A.B. asks: 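Next up is a structure, given as structure tokens.
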Amino acid sequence: MSGNRHSVPSAPADPVRDPIRILIVDDHPVVRDGLRGVLERDPDFTVTGEAGDGAEAVELYRADPADVVLMDLRMPRMGGVEAIKRLLGQDPEARILVLTTYDTDSDVMGALAAGATGYLLKDTPREELTRAVRSAAAGQSVLSPAVTGRVLGQVRKPTQGPLSDRELDVLKLIADGATNRQAAAALFISQATVKTHLLHVYEKLGVKDRAAAVSEAHKRHLFG
């Protein structure tokens, strides 16, 4: 028996979205292969290219811009931070997600200051990585939990003044291999005063020991 049934109009089909196009930048072929394998399991992603260093990444992106660049930091010829600056110089809308093993304050803050969209570590679980790529493609900032802690620590750290002349004198002697006793003798002060100066140096440079203080001083070109 037929009746006057009104057909219910079907809901419009969701528009087919183009997959997120990804450029992988890492100097280790095995890492690139692994990332390609992880990403291309998901139909929402397609890897459009691979680069072994920052210079190659800049050239590949210029020829075929990707939606997201997965960028390592320490690579030959051109590292990740410089590549981030170059990419954003040619395309201010570039979305660059750092994926690295390095999580020092200088690495993290350097990449973010250069304009990275996000920062992940290579031990990030697959689900978190794919979620981060989607977020980066949408223009959202993404930070791994460990990196978030470092960023907050930098933001909350009180601004420290420059080293005093005497603190710099002590640090120069330490950098040259002097012990506290030798530094005290050279500057005609007590060892206790040397220790006090070093504690102030550590606080101002945001470090915890002599080696780190010397390394940070070199990075800041404090020794001229």
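As a basis for the values below, the full set of heavy atoms in this structure was taken, side chains included, without hydrogen atoms, waters or symmetry mates. Residue numbers count from 1 along this sequence. Computed from a predicted structure; not experimentally measured.
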A.B. asks: Check whether any side-chain heavy atom of I20 sits under 4.5 Å from a side-chain heavy atom of I22, and report yes or no.
C.D. replies: yes
A.B. asks: Would you mind reporting whether D64 and L23 have side-chain heavy atoms less than 4.5 Å apart?
C.D. replies: no
A.B. asks: Looking at D209, I want to see if its CG is surrounded by more than 12 non-hydrogen atoms of other residues, nucleotides or ligands under 6.0 Å.
C.D. replies: yes
A.B. asks: To the nearest 0.5 Å, what is the distance between NZ on K204 and CG on L199?
C.D. replies: 12.0 Å
A.B. asks: Apply side-chain contact (heavy atoms from CB on, under 4.5 Å) to L120 and list each qualifying residue two or more places apart in sequence or on a separate chain.
C.D. replies: L97, L99, T124, E128, L129, A132, V142, S144
A.B. asks: Evaluate L70 against L39 for side chain to side chain contact (heavy atoms under 4.5 Å, CB included), listing each step before the verdict.
C.D. replies: CA-CA 11 Å; L70 273 182; L39 294 167; 3.8 Å; yes
A.B. asks: Measuring from E93:CD to T117:OG1, what's the distance to the nearest 0.5 Å?
C.D. replies: 10.0 Å
A.B. asks: Could you list the donor-acceptor pairs under 3.5 angstrom formed between side-chain atoms of residues 72-84 and any protein atom two or more places apart in sequence or on another chain?
C.D. replies:
residue	atom	partner	partner atom	Å
D72	OD1	T100	OG1	3.3
R74	NH2	D107	OD1	3.4
R74	NH2	D107	OD2	2.7
R77	NE	D53	OD2	3.1
R77	NH2	D53	OD1	3.2
R77	NH2	D53	OD2	3.3
E82	OE2	R86	NE	2.9

A.B. asks: Quick check on the hydrophobic clustering: are L163 and V214 connected, directly or via other members, by side-chain heavy-atom contacts under 4.5 Å?
C.D. replies: yes
A.B. asks: Would you call R41 and R126 a side-chain contact if the rule is heavy atoms closer than 4.5 Å?
C.D. replies: yes
A.B. asks: Quick one: side-chain contact (heavy atoms from CB on, under 4.5 Å) partners of D123, sequence neighbours excluded?
C.D. replies: L121
A.B. asks: If a pair satisfies ring pair (Phe, Tyr, Trp, His ring centres under 6.0 Å) and one of its residues is in residues 169-222, list it, with sequence neighbours excluded.
C.D. replies: H218-F223
A.B. asks: Is any side-chain heavy atom of L205 closer than 4.5 Å to a side-chain heavy atom of V201?
C.D. replies: yes
A.B. asks: With sequence neighbours left out, write down each residue that passes side-chain contact (heavy atoms from CB on, under 4.5 Å) with K195, or none if nothing qualifies.
C.D. replies: N180
A.B. asks: Give the minimum heavy-atom separation between A114 and L88, together with the two atoms involved.
C.D. replies: O-CD1, 3.3 Å
A.B. asks: Calculate, to the nearest 0.5 Å, the distance between atoms OG and CG belonging to S164 and L171 respectively.
C.D. replies: 10.5 Å
A.B. asks: Would L60 end up clustered with F45 when hydrophobic side chains under 4.5 Å apart are linked, directly or stepwise?
C.D. replies: no
A.B. asks: My understanding is that only residues two or more places apart in sequence, or in another chain, count here; which of them pass side-chain hydrogen bond (donor to acceptor under 3.5 Å, both in side chains) with S190?
C.D. replies: T193
A.B. asks: Name all pairs fulfilling the salt bridge (Lys or Arg N to Asp or Glu O under 4.0 Å) condition that reach into residues 134-146, sequence neighbours left out, sorted by first residue then second.
C.D. replies: D42-R134, D44-R134
A.B. asks: Report the residues that fulfil side-chain hydrogen bond (donor to acceptor under 3.5 Å, both in side chains) with R62, sequence neighbours left out, ordered by chain and then residue number.
C.D. replies: E59, Q90
A.B. asks: Does any pair with a residue in residues 168-191 pass salt bridge (Lys or Arg N to Asp or Glu O under 4.0 Å), and if so which ones, sequence neighbours excluded?
C.D. replies: R166-D169
A.B. asks: Can you tell me how far the OG1 atom of T48 sits from the CZ atom of R21, to the nearest 0.5 Å?
C.D. replies: 4.5 Å
A.B. asks: Can you pull the salt bridge (Lys or Arg N to Asp or Glu O under 4.0 Å) pairs that have at least one residue in residues 210-224, sequence neighbours excluded?
C.D. replies: E216-R220
A.B. asks: Closer than 3.5 angstrom, by distance alone: can the side chain of R95 be matched with the main-chain N or O of A137 as a donor-acceptor pair?
C.D. replies: yes
A.B. asks: For K122 and T101, indicate whether the former's side chain and the latter's backbone hold a donor-acceptor pair under 3.5 Å.
C.D. replies: no
A.B. asks: How would you list, by chain and number, every residue that makes a side-chain contact (heavy atoms from CB on, under 4.5 Å) with A178, sequence neighbours excluded?
C.D. replies: L173, Q182
A.B. asks: I want to check something: taking the side chain as every heavy atom from C-beta on, are L87 and V58 in contact at a cut-off of under 4.5 Å?
C.D. replies: yes
A.B. asks: Would you say that V47 contacts L35 through its side chain, given a criterion of any heavy-atom pair below 4.5 Å between the two side chains?
C.D. replies: no
A.B. asks: Under a single-linkage definition using a 4.5 Å side-chain heavy-atom cutoff for Ile, Leu, Val, Met, Phe, Trp and Tyr, are V31 and V133 assigned to the same hydrophobic cluster?
C.D. replies: yes
A.B. asks: Between CE of M109 and OH of Y119, what distance do you get to the nearest 0.5 Å?
C.D. replies: 11.0 Å
A.B. asks: Mind checking what makes side-chain hydrogen bond (donor to acceptor under 3.5 Å, both in side chains) contact with D91, not counting sequence neighbours?
C.D. replies: Y61
A.B. asks: If you count heavy atoms of other groups shown closer than 6.0 angstrom to CD of E127, is the number above 12?
C.D. replies: yes
